[in-house]
Amino acid sequence: MYESYFNLKEKPFSISPDPRFIYLTAQHQEALAKVQYAISQRMGVSAIYGDIGAGKTSLARRLWVLFADNPNYNFAMIVHPNFPSTFQFVKEIRREFGLDKPPRSLSDALDEFQEFLLSEHAKGKTNILVIDEAQNLKPSNYETLRQLLNFETNTQKLLQIALFGQNELASKIDRQPELKDRITLFGALTNLTYEDAIALIDFRWKVAGGNSHPFDQSALEAIFKYSKGLPRKISKIADNALIRAMSSEMRSINKEVVDQVATEVRLTEEFDYIPKKKTVKKVNKK
């Protein structure tokens with residue numbers, strides 16, 4: 001839409017998780033390194049959590065880039081894990097690994113999956129299961145993951161699991177002590193610093209084919225303020241600001257444009273959601 005106006009080859013701030021546009025800050029590199037280490041050492045399960053828009057899905061997609069086409073790995077990814085039953089969950093995991101034959105029962109499904117993992121392990125392959133939005137798993141399916149971790153040799157886990165989810169994933173894992181005890185590595189993603197936020201904007205602009213981005217200093221500061229340093233919100237604001245600039249035939253984007261966009265996309269303070277505190281009714285004792 002605005003690509004030709006700003007001499008770009010493609011949109012720089014799409015919120016789709018295109019691996020080419022993933023900017024890895026120091027904390028993202030650390031989180032990714034933790035998961036890669038857990039996979040390489042066949043340690044079993046790792047968990048990465050953070051706020052909405054902190055870059056968890058981008059990291060999950062980065063793992064897909066790293067492992068999906070490597071013949072030494074079997075890579076499976078589930079992005080909508082809210083399955084109502086354990087049987088459906090296990091069937092989807094099997095299907096992602098290429099086991100399409102419908103199992104007769106949950107017991108058969110698990111037995112056949114274990115045989116598959118053993119066979120692939122014997123071939124020297126590492127089996128990886130990535131689950132995005134893992135905070136949406138049913139409690140019974142956290143237990144299912146614990147069961148899958150029981151598939152192991154004397155020294156290694158047969159299935160490497162990487163969980164990515166919102167902050168509530170951590171508290172949900174806390175309520176599953178047997179699974180929590182098996183998680184070897186945790187990682188938390190926090191909001192970007194101002195420097196990282198600006199570096200992200202510059203990085204994505206250049207990947208899209210641009211030279212110098214059109215945001216002046218006041219606009220950059222405003223983007224950081226409204227986005228609170230969350231990558232997805234940074235991209236959302238920047239994308240809408242480019243649309244507004246093009247429609248107004250502007251070549252430079254200032255704070256006023258960003259202020260207008262932030263109001264339009266409901267990121268100003270009046271739209272901040274503050275959960276209401278539950279009130280406890282006092283009972284008067286007679």
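As the structure is a computational prediction, the values presented were derived from the model and not from experiment.
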Closest approach of [X] and [Y], non-hydrogen atoms and distance?
X: Met43; Y: Tyr37; answer: SD-CE2, 3.6 Å
X: Arg146; Y: Glu143; answer: NH2-OE2, 2.5 Å
X: Trp205; Y: Asn211; answer: NE1-N, 3.6 Å
X: Val257; Y: Ala241; answer: CG1-O, 4.0 Å
X: Lys255; Y: Ser218; answer: N-OG, 3.1 Å
X: Ala199; Y: Tyr23; answer: CB-OH, 3.2 Å

Should Tyr2 and Asp239 be marked as a side-chain hydrogen bond (donor to acceptor under 3.5 Å, both in side chains) after you check the CA-CA gap, both sets of side-chain angles, and the distance that decides it? CA-CA 9 Å; Tyr2 52 69; Asp239 188 58; 2.5 Å; yes
With the threshold set at 4.0 Å, does a side-chain nitrogen-carboxylate oxygen contact exist between [X] and [Y]?
X: Arg182; Y: Glu178; value: no
X: Asp174; Y: Lys180; value: yes
X: Arg20; Y: Glu10; value: yes

Does one hydrophobic cluster hold both [X] and [Y], with members joined at side-chain heavy-atom distances below 4.5 Å?
X: Leu163; Y: Leu129; result: yes
X: Phe21; Y: Ile198; result: yes
X: Val65; Y: Val35; result: yes
X: Met1; Y: Ile237; result: yes
X: Leu189; Y: Trp64; result: yes

Hey, does [Y] have a side-chain heavy atom less than 4.5 Å from the side chain of [X]?
X: Ile243; Y: Val261; result: no
X: Phe215; Y: Ile223; result: yes
X: Ile78; Y: Glu96; result: yes
X: Phe186; Y: Ile173; result: yes
X: Leu149; Y: Val45; result: yes
X: Ile131; Y: Phe164; result: no
X: Leu220; Y: His213; result: yes
X: Phe89; Y: Leu145; result: yes

Which residue is it: Arg204, Lys236, Arg232? I am looking for the one with a side chain to side chain contact (heavy atoms under 4.5 Å, CB included) to Phe13. Arg204
For [X], is the [atom1] atom crowded, meaning more than 12 foreign heavy atoms sit under 6.0 Å from it?
X: Ile15; atom1: CD1; result: no
X: Asp69; atom1: CG; result: no
X: Glu249; atom1: CD; result: no
X: Arg251; atom1: CZ; result: yes

Could you go through the side chain to side chain contact (heavy atoms under 4.5 Å, CB included) check for Gln27 and Leu192 one step at a time? CA-CA 9 Å; Gln27 64 165 323; Leu192 303 188; 3.8 Å; yes
Rounded distance [0.5 Å steps], [atom1] in [X] versus [atom2] in [Y]:
X: Asp18; Y: Arg61; atom1: CG; atom2: CZ; result: 9.5 Å
X: Leu137; Y: Gln176; atom1: CG; atom2: CD; result: 10.0 Å
X: Ile22; Y: Leu59; atom1: CD1; atom2: CG; result: 7.0 Å
X: Asp196; Y: Ile201; atom1: CG; atom2: CD1; result: 11.5 Å
X: Leu159; Y: Ile128; atom1: CG; atom2: CD1; result: 9.5 Å
X: Ser140; Y: Phe87; atom1: OG; atom2: CZ; result: 14.0 Å

Using atom types as modelled and distance alone, determine if a side-chain donor or acceptor of [X] lies under 3.5 Å from a backbone N or O of [Y].
X: Tyr194; Y: Gly229; value: no
X: Ser227; Y: Phe224; value: yes
X: Gln135; Y: Gln166; value: yes
X: Glu30; Y: His28; value: no
X: Lys11; Y: Ala208; value: no
X: Gln29; Y: Leu24; value: yes
X: Ser171; Y: Asn167; value: no
X: Gln160; Y: Lys157; value: yes

Counting only pairs under 3.5 Å, give me each side-chain donor-acceptor contact of residues 110-119, with atom names and distances, residues two or more places apart or in other chains.
from: Glu112; atom 1: OE1; to: Arg94; atom 2: NH1; distance (Å): 3.1
from: Glu112; atom 1: OE1; to: Arg94; atom 2: NH2; distance (Å): 3.2

The test is side-chain hydrogen bond (donor to acceptor under 3.5 Å, both in side chains); show your working for Gln260 and Arg244 and say whether it passes. CA-CA 9 Å; Gln260 294 168 348; Arg244 176 174 282 271; 3.0 Å; yes
Worked check of side-chain hydrogen bond (donor to acceptor under 3.5 Å, both in side chains) between Glu120 and Asn127: CA-CA 8 Å; Glu120 295 302 296; Asn127 303 294; over 6 Å; no
Is it true that the side chains of Ser252 and Asp216 contain a donor and an acceptor less than 3.5 Å apart? no
Test side chain to side chain contact (heavy atoms under 4.5 Å, CB included) applied to Ile48 and Leu169, step by step: CA-CA 9 Å; Ile48 304 296; Leu169 173 63; over 6 Å; no
For Phe75 and Leu63: C-alpha separation, side-chain torsions, deciding distance, then whether side chain to side chain contact (heavy atoms under 4.5 Å, CB included) applies. CA-CA 9 Å; Phe75 186 88; Leu63 289 177; 4.2 Å; yes
Ser16 and Ser14: CA distance, side-chain angles, deciding distance, side-chain hydrogen bond (donor to acceptor under 3.5 Å, both in side chains) verdict: CA-CA 5 Å; Ser16 61; Ser14 171; 2.9 Å; yes
Would Lys228 and Tyr226 count as a cation-pi pair here, with the cationic atom under 6.0 angstrom from the ring centre and within 45° of the axis? no
Contacts of Glu221 meeting salt bridge (Lys or Arg N to Asp or Glu O under 4.0 Å) (sequence neighbours excluded), chain-then-number -> none
Side chain to side chain contact (heavy atoms under 4.5 Å, CB included) between Val130 and Ile161, intermediate numbers included: CA-CA 6 Å; Val130 172; Ile161 302 172; over 6 Å; no
